[in-house]
Amino acid sequence: MSTRGGQQQGQHGDQGQADESPRRKRKSRKGEGKPLAPPEPPPLADTRAQRVLYIGCEGESTEPDYLNHLNERFGDGKLTGGRRFKIQPMYTSNGYTPSRAVAAVQNRAGEDEAWALFDRDEHHDIADAVKLATEQGTEVCFSHPSFELWLLLHFQDFGGRRSGKNKDVIAALRKADPAYAKFDDRGNKSIKDKRRTALDDKESGAVSRARRMVKQCEHGRCETRSTRKDRNQWPGAPERPDPLIPHSGHAADCPVLDRDPSTDVWRLLVSLEIVDA
């Protein structure tokens with residue numbers, strides 16, 4: 001009754017009522033009862049065709065700078081065969097402890113990948129951090145004595161126990177390339193501009209040197225290897241094998257604090273397929 005009344009008013013009422021609600025209501029209900037068509041799927045360019053990794057960083061400068069460098073250099077997929085990724089570094093002023101870095105990224109990552117990146121330094125919660133990461137499926141990149149070892153491996157090999165001390169690594173890094181001659185001078189440990197450029201095209205060498213260090217572990221049964229896991233696939237992702245998530249290579253019973261010197265950051269580059277396994 002009300003619909004018909006609205007139609008009559010729209011047809012015979014005065015012109016000033018043509019824009020009143022009865023006529024608008026009639027137009028809005030045109031086709032009522034017909035099933036709604038499903039929305040068109042977004043074009044491929046708008047789908048999420050990239051990996052997203054949240055990485056909790058112990059440090060507040062060097063590590064986030066380096067991860068942003070990976071985003072800028074490789075994230076668009078042009079140098080990785082179209083395999084795009086986005087790293088979201090997580091850090092705080094004055095830095096996280098290892099266990100806090102793990103907890104922070106686990107709380108934030110949701111369905112995305114969770115990684116944690118931390119050093120030996122003089123932390124007392126590393127075993128707890130590794131245990132927490134293992135329980136929740138968080139990937140760990142641990143460096144002993146420090147992340148700077150990973151930077152140094154872009155230029156040269158490095159060996160010999162350091163007992164958690166970083167001064168020898170810094171001294172070698174300063175000599176390794178002019179861009180790093182003043183690294184850590186007055187606390188400047190950023191990875192920007194010339195320091196980033198100095199790392200370019202040296203990724204494969206750094207991975208090879210890091211993997212050799214695993215084979216030289218004093219435990220005696222450590223050996224780098226990679227496995228594929230059924231993960232990190234999403235609607236719109238390009239056809240490809242399951243992404244690589246390489247193990248550290250250290251034996252299960254190799255105490256993490258005894259891996260001196262060593263760095264697992266190579267695992268991240270292999271996983272992102274920046275460097276072949």
Side-chain angles (χ1 to χ4, degrees), residues 44 46-60 62-92 95-119 126 128-143 147 150 191 203 206-207 210-211 224-250 256 263-277:
L44 183 60
D46 292 338
T47 60
R48 184 172 170 182
Q50 67 175 359
R51 290 174 64 181
V52 178
L53 304 85
Y54 283 84
I55 302 184
C57 302
E58 172 203 336
E60 61 178 311
T62 311
E63 293 93 330
D65 282 352
Y66 177 76
L67 296 177
N68 285 324
H69 166 60
L70 294 184
N71 278 332
E72 293 177 10
R73 180 162 168 77
F74 300 102
D76 61 8
K78 293 180 179 178
L79 297 178
T80 58
R83 295 178 286 274
R84 297 165 50 204
F85 64 82
K86 175 66 176 179
I87 297 173
Q88 303 282 4
M90 293 187 61
Y91 55 97
T92 186
Y96 282 127
T97 62
S99 57
R100 286 188 62 200
V102 173
V105 75
Q106 289 177 346
N107 290 336
R108 182 69 182 275
E111 295 182 358
D112 295 314
E113 294 181 57
W115 291 66
L117 196 159
F118 51 85
D119 302 347
I126 291 175
D128 292 336
V130 172
K131 182 176 183 292
L132 178 62
T134 301
E135 292 172 347
Q136 300 295 326
T138 298
E139 302 292 341
V140 171
C141 291
F142 172 68
S143 296
F147 177 80
W150 170 247
I191 306 295
E203 296 84 10
V207 169
R211 296 181 76 170
T224 55
R225 57 191 181 279
S226 298
T227 60
R228 292 185 182 274
K229 293 186 178 181
D230 185 16
R231 59 184 299 180
N232 310 321
Q233 299 296 304
W234 49 87
E239 292 291 333
R240 52 186 290 240
D242 296 337
L244 283 169
I245 301 291
H247 290 305
S248 68
H250 289 280
V256 65
T263 177
D264 299 330
V265 183
W266 67 272
R267 301 178 59 245
L268 177 62
L269 275 72
V270 171
S271 175
L272 294 173
E273 299 178 71
I274 292 172
V275 175
D276 291 336

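Below, all heavy atoms of this structure are taken into account, side chains as well, without hydrogens, waters or symmetry copies. The residues of the chain are indexed from 1 along the displayed sequence.
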Could you pull out every donor-acceptor pair under 3.5 Å between side chains of residues 101-111 and any protein atom, sequence neighbours left out?
| residue | atom | partner | partner atom | Å |
| --- | --- | --- | --- | --- |
| Q106 | NE2 | L132 | O | 3.3 |
| Q106 | NE2 | T138 | OG1 | 3.0 |
| N107 | ND2 | A103 | O | 3.2 |

N/O donor-acceptor pair under 3.5 Å between D119 side chain and F147 backbone: yes
Verdict with reasoning, F85 to V52, per side-chain contact (heavy atoms from CB on, under 4.5 Å): CA-CA 6 Å; F85 64 82; V52 178; over 6 Å; no
Spacing of OG belonging to S248 relative to CZ belonging to R267, to within rounding of 0.5 Å: 6.5 Å
Approximate separation, where rounding is to 0.5 Å, of L67 CG and E72 CD: 11.5 Å
Rounded distance (nearest 0.5 Å) linking atom CG of D264 with atom OG1 of T224: 11.0 Å
Nearest non-hydrogen partners of W266 and A210, listed with the distance: CD1-CB, 3.6 Å
With Y66 via side-chain hydrogen bond (donor to acceptor under 3.5 Å, both in side chains) - residues at least two apart: W150
Non-neighbouring partners of R100 that pass salt bridge (charged side-chain N to carboxylate O under 4.0 Å, His left out), sequence neighbours left out: none
Euclidean distance, T62 OG1 relative to L117 CG, rounded to 0.5 Å: 10.5 Å
Chi angles and distances behind the side-chain contact (heavy atoms from CB on, under 4.5 Å) call for E60, Y91: CA-CA 6 Å; E60 61 178 311; Y91 55 97; 4.3 Å; yes
With sequence neighbours excluded, residues passing ring pair (Phe, Tyr, Trp, His ring centres under 6.0 Å) with F142: F118
Presence of salt bridge, E273 and R51, under 4.0 angstrom: no
Which residues share a side chain to side chain contact (heavy atoms under 4.5 Å, CB included) with T80, sequence neighbours left out: F74, R83, I274
K86: partners by side-chain hydrogen bond (donor to acceptor under 3.5 Å, both in side chains), with sequence neighbours left out: none
Full working for side-chain contact (heavy atoms from CB on, under 4.5 Å) between C141 and W115: CA-CA 8 Å; C141 291; W115 291 66; 3.8 Å; yes
S99: side chain to side chain contact (heavy atoms under 4.5 Å, CB included) partners, not counting sequence neighbours: T97, D125, A129
With sequence neighbours excluded, residues passing side-chain hydrogen bond (donor to acceptor under 3.5 Å, both in side chains) with E58: H123
CA sep, side-chain torsions, deciding dist, call: L268, I55, side-chain contact (heavy atoms from CB on, under 4.5 Å): CA-CA 10 Å; L268 177 62; I55 302 184; 4.0 Å; yes
Gap between atom NE2 of H247 and atom CD of E139 - 0.5 Å precision: 8.5 Å
Nearest-0.5 Å distance that lies between atom CD1 in I87 and atom CG in L53: 6.0 Å
Residue pair R84 / K78, side-chain heavy-atom distance below 4.5 Å: no
